[in-house]
> 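Below is a structure I'd like to ask you about.
Bear in mind that the values here come from a model prediction, so they are computed numbers and not experimental data.
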Amino acid sequence: GRVQVEVLQALLAERFGLDASFGPLLSVYQEQPRGTARAQFEMGQFPNPHQAAIGLRVEPAAAGAGLVYESRVSPGYLNPSFQAAVRDGVTKGCQRGNYGWEVTDIRVVFEYAVYSSVTSTPADFRRLAPYVLGVALHRAGTRLLEPFCAFELDVPDVCAGRALFDLKQMRADVQDIRAQGENTLITGKAPEQRARDYPMELMAYTQGRGAFFTRPLGYEPYAGPPAYAPTLPKVPDKMMYLFLRGEEGPDASE
């Protein structure tokens with residue numbers, strides 16, 4: 001929160017003589033597939049420069065599953081080093097979804113492969129797999145997940161109405177309200193981004209008599225406008241861009 005940033009600034013100045021400044025605090029989102037989709041890059045077909053062909057299917061997995069990977073390509077056809085390279089590439093590809101955030105709760109099925117016994121290397125499969133995964137995710141679509149926190153809000157009774165209004169504004173889910181002497185204790189969950197700066201506002205309107213405690217609660221569906229990762233390139237990758245534009249053949253529908 002803002003208070004912790006001010007403490008860090010003071011420590012950097014005191015201990016190291018550094019005049020540091022911080023940009024706005026950002027929440028780290030996640031993505032999960034909306035539906036099922038498939039993508040396939042053929043060897044020797046524009047715009048694929050690699051000596052490999054890969055077909056992947058993506059679909060949603062259970063909440064909390066992370067990445068679930070399955071290969072249906074026979075190890076008798078594609079040896080373990082090539083198989084491992086595809087999995088490595090898929091794992092790397094899951095680090096950046098349609099909005100630039102890590103993809104989770106996803107099932108990826110490796111369904112198709114072609115290689116050349118003369119020219120193909122595991123590196124070809126490792127480098128190609130993230131592109132195939134990216135196209136499949138583009139077709140399936142992804143939904144954003146945002147970090148939530150559990151909270152306890154302790155306010156004087158005279159401030160309870162204001163507190164409940166604030167919680168509604170931050171899209172909090174109030175789960176319990178109870179009286180504690182002359183105070184009201186409110187518990188529930190709220191988006192971390194909305195709750196982050198609330199302690200300072202609370203201190204102001206309760207004259208220091210309120211308290212707001214939070215703890216991480218995991219991720220839940222995000223309901224706001226699209227939130228792109230700050231590291232997402234502004235210019236799309238050329239190879240994937242050409243593929244999505246339909247340069248790979250008549251099957252392109254995106």
> Quick one: do the Glu31 and Thr142 side chains pair a donor with an acceptor below 3.5 Å?
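Yes, Thr142 and Glu31 have a side-chain donor paired with an acceptor closer than 3.5 Å.
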
> Residues in salt bridge (Lys or Arg N to Asp or Glu O under 4.0 Å) with Glu102, at least two apart?
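Once residues adjacent in sequence are excluded, Glu102 has no partner under the salt bridge (Lys or Arg N to Asp or Glu O under 4.0 Å) criterion.
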
> Under the salt bridge (charged side-chain N to carboxylate O under 4.0 Å, His left out) definition, can you give me all pairs with a residue in residues 41-50, not counting sequence neighbours?
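For residues 41-50: none.
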
> Applying salt bridge (Lys or Arg N to Asp or Glu O under 4.0 Å), name anything that partners Asp173, two or more places apart in sequence or on another chain.
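By the salt bridge (Lys or Arg N to Asp or Glu O under 4.0 Å) rule, Asp173 matches no residue at all.
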
> Using ring pair (Phe, Tyr, Trp, His ring centres under 6.0 Å) as the criterion, list what pairs up with Phe125, not counting sequence neighbours.
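Phe125 satisfies ring pair (Phe, Tyr, Trp, His ring centres under 6.0 Å) with Phe82 only.
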
> Residues two or more places apart in sequence or in another chain: which of them pass side chain to side chain contact (heavy atoms under 4.5 Å, CB included) with Ala20?
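Checked Ala20 against side chain to side chain contact (heavy atoms under 4.5 Å, CB included); matches are Leu12, Phe22.
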
> Between the side chains of Glu59 and Arg38, is the shortest nitrogen-to-carboxylate-oxygen separation below 4.0 Å, so that they form an ion pair?
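No, this pair does not count.
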
> Among Phe110, Tyr112, Tyr131, find the residue that satisfies the side chain to side chain contact (heavy atoms under 4.5 Å, CB included) test when tested with Ile54.
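Checked Phe110, Tyr112, Tyr131 against Ile54; only one passes side chain to side chain contact (heavy atoms under 4.5 Å, CB included): Phe110.
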
> Only counting residues at least two apart or in another chain, list the ones meeting salt bridge (Lys or Arg N to Asp or Glu O under 4.0 Å) with Arg127.
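Result, salt bridge (Lys or Arg N to Asp or Glu O under 4.0 Å) vs Arg127: none returned.
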
> Kindly state each residue pair satisfying ring pair (Phe, Tyr, Trp, His ring centres under 6.0 Å) with at least one member in residues 164-194, sequence neighbours excluded.
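Sorted result for residues 164-194: empty, none.
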
> Would you mind listing every side-chain hydrogen bond (donor to acceptor under 3.5 Å, both in side chains) that reaches into residues 209-225, with sequence neighbours excluded?
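As it turns out, the side-chain hydrogen bond (donor to acceptor under 3.5 Å, both in side chains) pairs with a partner in residues 209-225, which skip direct neighbours, are Lys189-Glu220.
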
> Is atom CD of Glu182 surrounded by more than 12 heavy atoms (other residues, nucleotides or ligands) closer than 6.0 Å?
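Atom CD in Glu182 is not crowded, with 12 or fewer foreign heavy atoms closer than 6.0 Å.
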
> Under the salt bridge (Lys or Arg N to Asp or Glu O under 4.0 Å) rule, collect the residues that match up with Arg72, sequence neighbours excluded.
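Applying salt bridge (Lys or Arg N to Asp or Glu O under 4.0 Å) to Arg72 gives Glu70.
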
> For Tyr77, enumerate each residue passing the ring pair (Phe, Tyr, Trp, His ring centres under 6.0 Å) test, keeping only those at least two apart in sequence or located in another chain.
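So Tyr77 forms a ring pair (Phe, Tyr, Trp, His ring centres under 6.0 Å) with Tyr115.
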
> Please determine whether side-chain hydrogen bond (donor to acceptor under 3.5 Å, both in side chains) holds for the pair Ser27 and Glu192, giving the CA-CA distance in whole Å, both sets of side-chain angles, and the decisive distance to 0.1 Å.
CA-CA 8 Å; Ser27 292; Glu192 180 272 336; 2.7 Å; yes

> Kindly state each residue pair satisfying ring pair (Phe, Tyr, Trp, His ring centres under 6.0 Å) with at least one member in residues 49-73, sequence neighbours excluded.
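Found none.
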
> Mind jotting down which residue pairs meet the side-chain hydrogen bond (donor to acceptor under 3.5 Å, both in side chains) criterion with at least one end in residues 148-168? Sequence neighbours excluded, please.
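Pairs touching residues 148-168 that pass the test: Asp154-Asn183, Asp157-Thr184, Arg162-Asp166, Arg162-Glu201, Asp166-Tyr198.
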
